[in-house]
Amino acid sequence: QVDLVESGGGLVQAEDSLSLSCSVSGVPFKSVGLAWFRQAPGKEREFVAASAHFGGVTWYHNSVKGRFTISRDNAKNTLYLQMNSLKPEDTARYYCAKLSTYDENGNFSPKNVRFWGQGTQVTVSS
């Protein structure tokens, strides 16, 4: 059974930093694409960042480029999202996801997702 469990969310102030983790099990971690999505109340679930299973290739949504960094630790079967310079508009529930397909242009959507975690809440106050 595939399992993705997020942790690290919380309440922070604007300009603060936060690191999210996703523990992955039930899949060959080194061979799967992984991603982070987020969803705020009343909004569609949107792509944040993705990590390919090869070559260290990553993709980011334009709104987080230069502020967020996605990484993975194969020894720990864990995906990370380092979030710096947080803004109130980053407030959302953040979901870890196993990808089924890649988009070479980085235009990921939920249609590219095979499995979801339950999410972890990130709230950024102004």
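These figures come from a predicted structure and were not determined experimentally.
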Between T101 and N112, does the side chain to side chain donor-acceptor pair (under 3.5 Å) criterion hold? Intermediate values first, please. CA-CA 5 Å; T101 57; N112 301 111; 2.8 Å; yes

Open item on the list: As a quick check of understanding, evaluate side chain to side chain contact (heavy atoms under 4.5 Å, CB included) for T120 and S7, giving each step before the final call.
Closed with: CA-CA 6 Å; T120 185; S7 62; 5.7 Å; no

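When the side chains of ILVMFWY residues are joined at heavy-atom separations under 4.5 Å, either directly or via intervening members, V57 and V64 end up in two distinct hydrophobic clusters.
In this structure, T58 and R72 have side chains that are not in contact, with every pair of non-hydrogen atoms separated by 4.5 Å or more. Looking at heavy atoms from C-beta onward, L81 lies in side-chain contact with V48 at the 4.5 angstrom threshold. Taking the side chain as every heavy atom from C-beta outward, D90 and F68 approach each other to under 4.5 Å.
The side chain to side chain donor-acceptor pair (under 3.5 Å) check on Y102 picks up H53, with sequence neighbours excluded.
To the nearest 0.5 angstrom, S25 atom OG is 8.0 Å from Q1 atom CD. The CG atom of L86 sits 6.5 Å away from the CG atom of L18 when rounded to the nearest 0.5 Å. From L20, atom CG reaches atom CH2 of W36 across 5.0 Å, with rounding to the nearest 0.5 Å.
A distance below 6.0 Å separates the ring centres of F37 and W116.
Under a cutoff of 6.0 Å and an axis angle of 45°, R38 and Y95 do not form a cation-pi pair.
A donor-acceptor contact shorter than 3.5 Å is absent between the side chain of W59 and the backbone of A35.
No more than 12 heavy atoms of other residues, nucleotides or ligands lie within 6.0 Å of CD in Q118, so this atom counts as exposed by the packing criterion.
Side-chain atoms of S17 and N84 include a donor-acceptor pair closer than 3.5 Å.
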